[in-house]
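Encoded as structure tokens, the structure appears first; notes follow it.
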Amino acid sequence: MSVSLGNPVPDFTATATGDTTVTLSELKGKQVVVYFYPKASTPGCTTEGGDFRDHKDAFDAADTVILGVSRDGIRAQENFKAKQDFNFELISDKDEAVCKLFDVIKLKKLYGKEHLGIERSTFLIDTEGKLAREWRGVKVKGHVEEVLEAAQALHAS
């Protein structure tokens, strides 16, 4: 089962930084950005997370929660969050349950070798818990600004 535009996103519960557990249904009434990144503390993922961090006040003004997700363990996520001073929670999805729900595990090539990994993707969920927008195969530059514009437009409507 995977998410699709305009439909409710199935509920999930996941371990997150800050000694928290995130349950999607508990965020109903707020917009939620769920962004998936391949690996904590790598250049592209650090840049993307920093862009979300730097725009958090604007996301807050649009009543939008930001959640980052990767397959890294909780300790790696805690270290990444602390080192980069992220002001939002990161989900540790070692069992890939959330990744599979959003269908972001893809066959990738690195140095000529194929492996399964996270395709950088972002999802915007509306206040009713329905998938409003999705971005797959994301390029980092300018991406967060595009997501913010969508969140602001959705909040205004």
Side-chain angles (χ1 to χ4, degrees), residues 1-28 30-53 55-56 59 64-84 86 88-126 128-148 150-151 154:
M1 178 143 160
S2 182
V3 299
S4 60
L5 284 173
N7 290 317
V9 174
D11 199 20
F12 65 84
T13 299
T15 302
T17 52
D19 204 24
T20 61
T21 300
V22 171
T23 300
L24 184 63
S25 60
E26 291 176 1
L27 297 173
K28 206 167 200 167
K30 289 194 172 290
Q31 295 178 167
V32 181
V33 166
V34 182
Y35 82 94
F36 292 84
Y37 58 95
K39 189 157 179 57
S41 300
T42 56
C45 300
T46 299
T47 299
E48 183 178 27
D51 288 348
F52 276 111
R53 174 197 62 219
H55 287 85
K56 183 162 184 304
F59 278 103
T64 304
V65 175
I66 302 165
L67 297 170
V69 184
S70 78
R71 300 184 302 179
D72 295 291
I74 195 65
R75 177 177 281 147
Q77 297 288 49
E78 290 285 8
N79 291 342
F80 187 37
K81 180 183 175 190
K83 186 175 182 186
Q84 301 304 325
F86 290 158
F88 53 88
E89 302 307 331
L90 301 177
I91 291 173
S92 171
D93 192 32
K94 283 185 82 71
D95 66 0
E96 299 179 355
V98 182
C99 289
K100 288 177 179 161
L101 177 66
F102 285 86
D103 191 29
V104 297
I105 302 292
K106 303 293 180 190
L107 193 60
K108 299 169 85 178
K109 263 192 175 153
L110 185 65
Y111 305 118
K113 293 196 186 311
E114 289 186 335
H115 69 282
L116 288 175
I118 292 179
E119 176 185 51
R120 192 179 306 279
S121 306
T122 302
F123 301 86
L124 176 59
I125 301 166
D126 71 13
E128 297 296 310
K130 293 180 181 168
L131 185 61
R133 290 282 306 271
E134 65 179 9
W135 296 263
R136 295 181 181 271
V138 166
K139 300 289 181 244
V140 173
K141 188 170 174 53
H143 174 64
V144 170
E145 291 82 357
E146 187 179 336
V147 175
L148 177 59
L154 185 61

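The structure displayed is predicted, hence computed values, not measured ones.
- For the residue pair Glu134/Ser121, the side-chain donor-acceptor check at 3.5 Å is not satisfied.
- Not counting sequence neighbours, Asp95 has no partner by the side chain to side chain donor-acceptor pair (under 3.5 Å) test.
- To the nearest 0.5 Å, atom CZ of residue Arg71 and atom CD1 of residue Ile105 are 4.5 Å apart.
- Side chains of Thr17 and Glu89: a donor-acceptor N/O pair is present below 3.5 angstrom, by distance only.
- Between atom CG of residue Leu27 and atom CG of residue Asp11 there is a gap of 9.0 Å, rounded to the nearest 0.5 Å.
- The two residues Ile118 and Ser70 come nearest to each other via the heavy atoms CD1-CA, 3.7 Å.
- Ring centers of Phe52 and Phe59: under 6.0 Å apart, within the cut-off.
- In this structure, the side chain to side chain contact (heavy atoms under 4.5 Å, CB included) partners of Thr47, at least two apart in sequence or on a different chain, are Asp51, Val140.
- Every pair passing salt bridge (Lys or Arg N to Asp or Glu O under 4.0 Å) that includes a residue from residues 38-49 is listed here, sequence neighbours excluded: Lys39-Asp72, Glu48-Arg120.
- The minimum heavy-atom distance linking Ile91 with Ala14 is given by the pair CG2-CB, 3.4 Å.
- A salt bridge does not link Glu119 with Lys108: none of the charged nitrogens is closer than 4.0 Å to a carboxylate oxygen.
- Every residue meeting the side chain to side chain contact (heavy atoms under 4.5 Å, CB included) condition with Ala150, not counting sequence neighbours, appears here in chain and number order: Leu124, Arg133, Trp135.
- No more than 12 heavy atoms of other residues, nucleotides or ligands lie within 6.0 Å of CG in Asp19, so this atom counts as exposed by the packing criterion.
- Every residue meeting the side chain to side chain contact (heavy atoms under 4.5 Å, CB included) condition with Lys94, not counting sequence neighbours, appears here in chain and number order: Ser92.
- Scanning both residues, Ala16 and Val22, for their nearest heavy atoms gives CB-CG2, 3.7 Å.
- By the 30° and 60° cut-offs, the orientation of the rings of Phe102 relative to Phe123 is tilted.
- Residues meeting the side chain to side chain contact (heavy atoms under 4.5 Å, CB included) test with Lys83, sequence neighbours left out: none.
- Here the closest heavy-atom approach between residue Lys139 and residue His143 is recorded as O-CB, 3.3 Å.
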